Amino acid sequence: MAGGVSGVGAGSSAQRKQSTNTEAQKQQAVQDAINASVSRMKEDEGKTSYLGEGRIDKVKAKVAEEMETFMKENPNATPEEIKAKAEESASKNETNAGFEKMRDDNFFKKLMSRRKELIRDMWG
């Protein structure tokens with residue numbers, strides 16, 4: 001009878017190990033999507049389309065936050081579903097960061113142009 005009890009216990013620990021492994025796979029899927037997104041963004045370094053470390057870090061944080069929420073809301077999601085959602089989130093946040101950069105670059109371009117205009121008017 002004791003053998004039957006330990007057989008049941010062994011089965012439940014095997015289930016826990018599989019559950020933990022699945023959780024690790026889910027986390028790995030999210031991390032892979034974030035790493036792929038970061039490497040794409042860093043390819044532009046030296047170009048005007050490069051977002052900069054600060055924006056890249058913001059994108060990583062937003063994706064991680066969105067994925068944490070998604071995994072809490074969908075605890076039975078497969079690693080493939082999680083990876084797809086992480087890639088979607090990374091793409092969305094990367095695009096938003098690109099628009100933010102364009103907006104900021106345009107603002108500073110106009111600001112510097114206005115500064116030069118004022119200096120010309122002031123000093124002739």
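Because the structure is predicted, anything quoted here is derived from the model rather than measured.
The structure places CG of Asn74 at 10.5 Å from OG1 of Thr69, a figure rounded to the nearest 0.5 Å. Summarising the geometry, atom CE belonging to Met41 is positioned 9.0 Å from atom CG belonging to Asp57; distances are rounded to the nearest 0.5 Å. In this structure, Met71 CE and Asn76 CG are separated by 13.0 Å, a value rounded to the nearest 0.5 Å. The distance from atom CD1 of Ile82 to atom CD of Glu87, rounded to the nearest 0.5 Å, is 12.5 Å. Put simply, CD on Gln25 and NZ on Lys83 are 12.5 Å apart, with the number rounded to the nearest 0.5 Å. Between atom CZ of residue Arg40 and atom CD of residue Glu94 there is a gap of 5.0 Å, rounded to the nearest 0.5 Å.
Across Leu111, Asp105, Asp104, a single residue satisfies side-chain contact (heavy atoms from CB on, under 4.5 Å) together with Phe107, and that is Leu111.
The shortest distance between side-chain heavy atoms of Glu66 and Lys92 falls below 4.5 Å. At least one side-chain heavy atom of Arg120 sits less than 4.5 Å from a side-chain heavy atom of Glu117.
Proximity of a side-chain donor or acceptor of Ser91 to a complementary backbone N or O of Glu88 within less than 3.5 Å is not detected. Counting only distance, with no hydrogens or angles, the side chain of Asn93 and the backbone of Ser89 share a donor-acceptor pair below 3.5 Å.
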| Residue pair Glu68, Lys72: steps toward the salt bridge (Lys or Arg N to Asp or Glu O under 4.0 Å) verdict | CA-CA 6 Å; Glu68 184 178 318; Lys72 283 180 184 175; 3.5 Å; yes

| request: Show your reasoning for whether side chain to side chain contact (heavy atoms under 4.5 Å, CB included) applies to Glu100 and Arg103. | output: CA-CA 5 Å; Glu100 204 175 278; Arg103 182 197 67 211; 3.5 Å; yes

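Pairing each heavy atom of Arg55 with each of Ala97, the nearest pair is CD-O, 3.8 Å. A pairwise comparison of heavy atoms in Ala29 and Pro79 identifies CB-O, 3.7 Å as the closest pair.
Atom NZ of Lys101 has more than 12 neighbouring heavy atoms from other residues, nucleotides or ligands inside a 6.0 Å radius.
Salt-bridge annotation for Lys42 and Glu53: present, with a side-chain N of the basic residue lying under 4.0 Å from a carboxylate O of the acidic one.
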